[in-house]
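Input: a single structure, listed below in structure tokens.
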Amino acid sequence: LYVQVAFGVLFQLPAFLLAPPSPLNGDNLPLVLYAAVFPSLFAPFLWMQGVKHLGPNRASIFLNIMPVATVAIAAVFLDEKPHLFHIVGGAMALAGVMLAQMRSGARPARPKAA
């Protein structure tokens, strides 16, 4: 995560330095605080907790739900209208995640330690 952040800063720094200054004011402060708190602090923390509890193999499959959640959030908050391809793709993504999370019925017996 830190390497990803470092490269993001490195690649965005020139555009930031060349852009006209945009001081914080009452209009944009809530947006900056939202971006600083929820996606920058809470989301990575919650993802790391999920990986800790589920393990990386089981947690990684849940990344496929992100586009489904994005469509749902856009529909609720931005009044976007989902199209048939959103519904079909979302159903396929959810079905894939559900299939990947199903456990097989019988697990092989582990040998007992002597």
Side-chain angles (χ1 to χ4, degrees):
L1 181 63
Y2 294 119
V3 172
Q4 197 174 17
V5 169
F7 275 103
V9 169
L10 178 71
F11 290 128
Q12 292 181 9
L13 190 61
F16 174 75
L17 294 175
L18 294 173
S22 176
L24 287 176
N25 57 37
D27 292 334
N28 63 12
L29 185 61
L31 298 173
V32 172
L33 289 176
Y34 170 82
V37 173
F38 295 107
S40 299
L41 293 177
F42 287 151
F45 173 75
L46 293 174
W47 178 254
M48 286 186 257
Q49 293 301 311
V51 171
K52 182 172 115 178
H53 291 292
L54 293 175
N57 290 339
R58 289 190 70 198
S60 65
I61 196 74
F62 285 98
L63 287 173
N64 294 303
I65 295 179
M66 196 178 313
V68 178
T70 302
V71 169
I73 291 168
V76 171
F77 292 106
L78 301 176
D79 202 29
E80 295 274 340
K81 303 292 183 227
H83 298 289
L84 181 61
F85 60 88
H86 291 115
I87 306 300
V88 171
M92 290 173 66
L94 291 173
V97 170
M98 287 176 18
L99 283 172
Q101 294 303 312
M102 289 179 156
R103 296 188 183 263
S104 59
R107 287 188 161 187
R110 295 177 117 181
K112 294 185 178 181

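Numbers here are sequence positions counted from 1. Given the structure is predicted, the values throughout are model-derived calculations rather than measurements.
Grouping the Ile, Leu, Val, Met, Phe, Trp and Tyr side chains by contacts below 4.5 angstrom, directly or via other members, places L94 with I61. Tracing side-chain contacts under 4.5 Å through hydrophobic residues (I, L, V, M, F, W, Y), one never reaches V51 starting from M48; they form parts of separate clusters.
Looking at V88 and H86, their side chains never come closer than 4.5 Å, going by heavy atoms from C-beta outward. V9 places none of its side-chain heavy atoms less than 4.5 Å from the side chain of F16. Using a 4.5 Å heavy-atom threshold, the side chains of L63 and W47 count as touching.
For N25, the side chain to side chain donor-acceptor pair (under 3.5 Å) criterion is met by no residue, not counting sequence neighbours.
Within the 3.5 Å criterion, the main-chain N or O of V71 finds no donor-acceptor partner in the side chain of E80. At distances below 3.5 Å, at least one donor-acceptor pair connects side-chain atoms of N28 with backbone N or O atoms of P23. For S40 (side chain) and V37 (main-chain N/O), no donor-acceptor pair under 3.5 Å exists by modelled atom type.
Residues L29 and L24 come closest through the heavy atom pair CD1-CD1, 4.1 Å. Taking every heavy atom of both residues into account, L41 and A36 meet most closely at CG-O, 3.4 Å.
From I73, atom CD1 reaches atom CE of M66 across 10.5 Å, with rounding to the nearest 0.5 Å. With values rounded to the nearest 0.5 angstrom, L17 atom CG is found 11.5 Å from Q12 atom CD.
Counting non-hydrogen atoms of neighbouring residues, nucleotides and ligands closer than 6.0 angstrom, the CZ atom of F85 exceeds 12 such neighbours.
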